Engineer: 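The following block contains the structure, expressed as structure tokens.
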Amino acid sequence: MASKKKGPRQLIGLQCSKCKSFGYVTTYNRNNEIAKKQSGEKETFPLNKYCKVCREHTVHKAMKKLK
């Protein structure tokens, strides 16, 4: 059985902004995102990804924390 990951990395689902389907699961470092907001750098999300339902590249936003 896989062990639980430790640290600030979290699983999230990426949702298509056009058709609202979840097509990707990824991880991100929550501490890095907070630091980017404070320093004024460009944030990681939203990403431009391929949507299987729309069959085109669309903007995907981080919407759901997964366990």
Side-chain angles (χ1 to χ4, degrees):
M1 184 181 281
S3 63
K4 187 175 180 181
K5 291 186 179 183
K6 297 179 182 176
R9 296 200 71 79
Q10 291 185 343
L11 277 174
I12 55 166
L14 296 179
Q15 184 181 28
C16 176
S17 60
K18 223 177 192 184
C19 66
K20 307 296 184 211
S21 67
F22 285 93
Y24 294 95
V25 175
T26 187
T27 61
Y28 79 108
N29 189 332
R30 182 180 60 214
N31 293 343
N32 287 348
E33 292 298 315
I34 293 169
K36 283 182 182 181
K37 283 182 184 177
Q38 291 175 348
S39 66
E41 289 182 40
K42 183 181 175 190
E43 296 180 27
T44 306
F45 300 105
L47 295 172
N48 202 15
K49 304 285 273 178
Y50 181 78
C51 180
K52 296 175 193 172
V53 178
C54 299
R55 301 177 95 187
E56 61 186 49
H57 284 83
T58 57
V59 174
H60 283 68
K61 296 180 182 177
M63 297 301 271
K64 194 193 254 185
K65 288 184 183 177
L66 306 174
K67 292 182 181 181

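Because the structure is predicted, anything quoted here is derived from the model rather than measured.
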Engineer: Any link between Leu14 and Leu11 through a network of hydrophobic side chains (Ile, Leu, Val, Met, Phe, Trp, Tyr) touching at under 4.5 Å?
Structural biologist: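 As far as the 4.5 Å side-chain criterion goes, Leu11 and Leu14 are not connected within one cluster.
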Engineer: Tell me whether Lys36 at atom NZ has more than 12 heavy atoms from other residues, nucleotides or ligands lying less than 6.0 Å away.
Structural biologist: yes
Engineer: Who are the side-chain contact (heavy atoms from CB on, under 4.5 Å) partners of Asn32, not counting sequence neighbours?
Structural biologist: Asn29
Engineer: Are Tyr50 and Leu47 linked, directly or through other ILVMFWY residues, by side chains that come within less than 4.5 angstrom of each other?
Structural biologist: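 Yes.
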Engineer: So which heavy atom on Lys61 is nearest to which on Pro46, and how close?
Structural biologist: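 The pair with the smallest heavy-atom distance is CG-CB, 3.9 Å.
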Engineer: Which heavy atom in Glu33 sits nearest to a heavy atom in Tyr28, and how many Å separate them?
Structural biologist: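 For Glu33 versus Tyr28, the nearest heavy atoms are CG-CD1, 3.4 Å.
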Engineer: How long is the span from the OG1 atom in Thr58 to the CG atom in Asn48, to the nearest 0.5 Å?
Structural biologist: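 Taking OG1 in Thr58 and CG in Asn48, the distance rounds to 7.0 Å.
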Engineer: For residues 10-26, which residue pairs qualify under side chain to side chain donor-acceptor pair (under 3.5 Å), counting only residues two or more places apart or in two chains?
Structural biologist: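 Of all non-adjacent pairs touching residues 10-26, those that pass side chain to side chain donor-acceptor pair (under 3.5 Å) are Lys18-Glu56.
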